[in-house]
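Okay, so here's the structure we're looking at.
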Amino acid sequence: MTAPIRFPRFFVTSPAPCPYLPGKSERKVFTELRGENADELNEALGRIGFRRSQTVAYRPSCLDCQACVSVRVVASAFKPSSTQKRTLKANDDLIATECRPWATPEQFELLQKYLAARHPGGGMTQMEENDFADMVEHTSVSSYVIEYREPGIGAEPGRLVGACLTDYQGDGLSMIYSFYDPEHEDRVGLGNYIILDHIRRAAEGGLPYVYLGYWVEGAERMQYKVRYRPLERLTRGGWQRMPEQEQKRLIAEATAPRSARREEALPAKDGLASEYKLTD
């Protein structure tokens with residue numbers, strides 16, 4: 001007789017300063033992902049807006065704010081823009097390899113370079129190599145590190161220029177954390193290319209979606225997510241496709257000259273599970 005699936009227990013974090021909107025506080029609801037049904041639980045929670053961090057699934061549960069919105073790209077209907085087509089063409093010589101979730105010193109060195117350039121002063125800049133190993137290796141679900149390398153010489157692997165910790169779900173790919181060489185002299189758009197490659201992988205694998213995590217309108221460094229069309233967002237009525245005119249407006253705002261946009265400092269993305277303490 002098959003043992004019944006236990007309904008997970010949920011917990012709430014203590015309020016803390018919001019990393020995205022000044023003057024706001026954040027709170028998260030979370031549960032542990034453990035046992036033989038961890039994959040199924042992670043997928044079910046992902047469909048209602050949860051994200052994974054190591055062996056924890058979480059989502060915002062703020063008392064006075066609903067600015068964090070879960071978004072996903074409809075991979076089968078995706079049509080790249082002219083800029084995205086150029087990004088694909090410029091980086092299509094990269095060799096992408098699915099690796100088991102095992103951290104390497106080479107990955108950690110690339111992550112440090114990425115954080116120093118993109119998220120200076122963020123909490124993740126204090127990560128040590130064992131913290132990075134925890135982020136990658138402590139998983140109870142089907143996940144991989146997809147490495148992006150330049151062509152090598154002979155049997156030698158090429159230079160590592162990007163990587164993404166990715167969960168494989170029944171309805172798509174969930175991009176947990178990506179990083180890349182932000183100062184590569186000969187390549188532009190590496191971060192965008194990693195997303196575009198995931199969209200292509202999902203479409204080729206018959207998976208309908210690529211989950212991009214949370215989008216916060218008005219948070220400067222979150223706006224890249226609106227550039228991928230069509231985009232769905234999670235609402236009180238379920239997943240709904242963002243209206244084309246609204247997305248065009250958001251893309252225009254996101255691609256406007258920096259001087260025309262509001263400047264704000266934003267820390268690194270979530271990567272560690274240390275904030276999730278098991279208290280009701």
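Just so you know, residue 1 is the first one in the sequence shown, and it goes up from there. Worth knowing before you read on, the calculation uses all heavy atoms, side chains too, and leaves out hydrogens, waters and symmetry mates.
- Side-chain contact check for Leu231 versus Arg72: every heavy-atom pair is 4.5 Å or farther apart.
- Between Ile176 and Ser143, every side-chain heavy-atom pair lies at or beyond the 4.5 Å cut-off.
- Here the side chain of Arg27 pairs no donor or acceptor atom with the backbone of Pro15 at under 3.5 angstrom.
- Expressed to the nearest 0.5 Å, how far CZ of Arg249 lies from CE of Met242 amounts to 9.0 Å.
- Glu217 has no carboxylate O lying under 4.0 Å from a charged side-chain N of Arg233, or vice versa, which leaves the two without a salt bridge.
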Check against side chain to side chain contact (heavy atoms under 4.5 Å, CB included), Thr83 and Arg227:
CA-CA 10 Å; Thr83 299; Arg227 301 182 187 183; over 6 Å; no
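- Taken to the nearest 0.5 Å, the CD atom of Gln84 stands 10.0 Å off from the CZ atom of Arg86.
- Taking Ile, Leu, Val, Met, Phe, Trp and Tyr as hydrophobic and joining them when side-chain heavy atoms fall under 4.5 Å apart, one finds Tyr209 in a cluster with Val74, Tyr211, Leu234, Trp239.
- One distance of note links OH of Tyr180 with CG of Asn91; it measures 11.5 Å at 0.5 Å rounding.
- Between the side chain of Glu26 and the main chain of Pro60, no donor-acceptor pair closer than 3.5 Å is present.
- Taking 4.5 Å as the limit, some side-chain heavy atom of Tyr228 sits within range of a side-chain heavy atom of Asn192.
- The shortest heavy-atom contact between Gly162 and Leu110 is N-CD2, 3.6 Å.
- Put simply, Leu41 and Ile48 are part of the same group of oily side chains (I, L, V, M, F, W, Y) that touch within less than 4.5 Å, one to the next.
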Criterion salt bridge (Lys or Arg N to Asp or Glu O under 4.0 Å) on Glu43 and Arg47, from CA distance to verdict
CA-CA 6 Å; Glu43 291 186 18; Arg47 294 189 184 101; 3.7 Å; yes
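- For the atom pair CG of Leu190 and NE2 of His184, the computed distance is 7.0 Å after rounding to the nearest 0.5 Å.
- At distances below 3.5 Å, at least one donor-acceptor pair connects side-chain atoms of Gln223 with backbone N or O atoms of Val216.
- Smallest separation of non-hydrogen atoms from Gly158 and Arg149: O-NH1, 2.9 Å.
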Given Phe11 and Val29, is the side chain to side chain contact (heavy atoms under 4.5 Å, CB included) satisfied, shown in steps?
CA-CA 6 Å; Phe11 307 87; Val29 60; over 6 Å; no
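- Rounding to the nearest 0.5 Å places CD of Glu220 at 11.0 Å from CD of Glu253.
- Side-chain atoms of Met175 and Leu212, non-hydrogen and from C-beta on, do get closer than 4.5 Å to each other.
- For the pair Ala38 and Val141, the tightest heavy-atom approach, listed with the atom from each and the gap, is O-CG1, 3.8 Å.
- Looking only at side-chain heavy atoms (C-beta outward), Leu111 and Tyr177 come within less than 4.5 Å of each other.
- Nearest heavy-atom pair, Gly189 versus Thr87, reported as atom, atom and distance to 0.1 Å: O-CG2, 3.5 Å.
- Other residues, nucleotides and ligands contribute more than 12 heavy atoms inside 6.0 Å of the CD atom of Gln240.
- Of all the heavy atoms in Ile194 and Ser178, the pair that sits closest is CG2-CB, 4.3 Å.
- When side chains are defined from C-beta on, Phe78 does not count as touching Val210, because their heavy atoms never get closer than 4.5 Å.
- A side-chain donor-acceptor contact under 3.5 Å links Arg52 to the backbone of Gln54.
- Annotation for Ser142 and Asp39: closest pair N-OD1, 2.9 Å, computed over non-hydrogen atoms.
- Between Pro8 and Glu32 the shortest side-chain heavy-atom distance does not fall below 4.5 Å.
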Could you check Thr31 against Leu45 for side chain to side chain contact (heavy atoms under 4.5 Å, CB included), going step by step and ending with a plain yes or no?
CA-CA 10 Å; Thr31 190; Leu45 292 175; 3.7 Å; yes
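- One finds no salt bridge joining Asp92 and Lys89 here, because no Lys/Arg side-chain nitrogen approaches an Asp/Glu carboxylate oxygen to under 4.0 Å.
- With respect to the salt-bridge test (charged N to carboxylate O, under 4.0 angstrom), the residues Lys248 and Glu244 qualify.
- In this structure, Tyr144 and Tyr168 have perpendicular ring planes: the angle between them is above 60°, well past the 30° mark.
- Not counting sequence neighbours, the partners of Arg51 by the side-chain hydrogen bond (donor to acceptor under 3.5 Å, both in side chains) test are Ser174.
- A side-chain contact (heavy atoms from CB on, under 4.5 Å) with Tyr148 is found for one member of Asp197, Asp181, Ile95, Leu160 and no other, namely Asp197.
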Yes or no on side chain to side chain contact (heavy atoms under 4.5 Å, CB included) for Arg229 and Ile251, after CA distance, side-chain angles and deciding distance?
CA-CA 10 Å; Arg229 296 185 289 182; Ile251 292 173; 3.7 Å; yes
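- Looking at Lys225, its side chain does come within 3.5 Å of a backbone N or O of Tyr214 through a donor-acceptor pair.
- Between Phe179 and Tyr114, the ring-plane angle classifies as tilted under the 30° and 60° cut-offs.
- Atom CD of Gln112 and atom CD of Gln107 lie 12.5 Å apart (nearest 0.5 Å).
- With hydrogens and angles ignored, the 3.5 Å screen pairs a side-chain donor or acceptor of Glu137 with a backbone N or O of Ala103.
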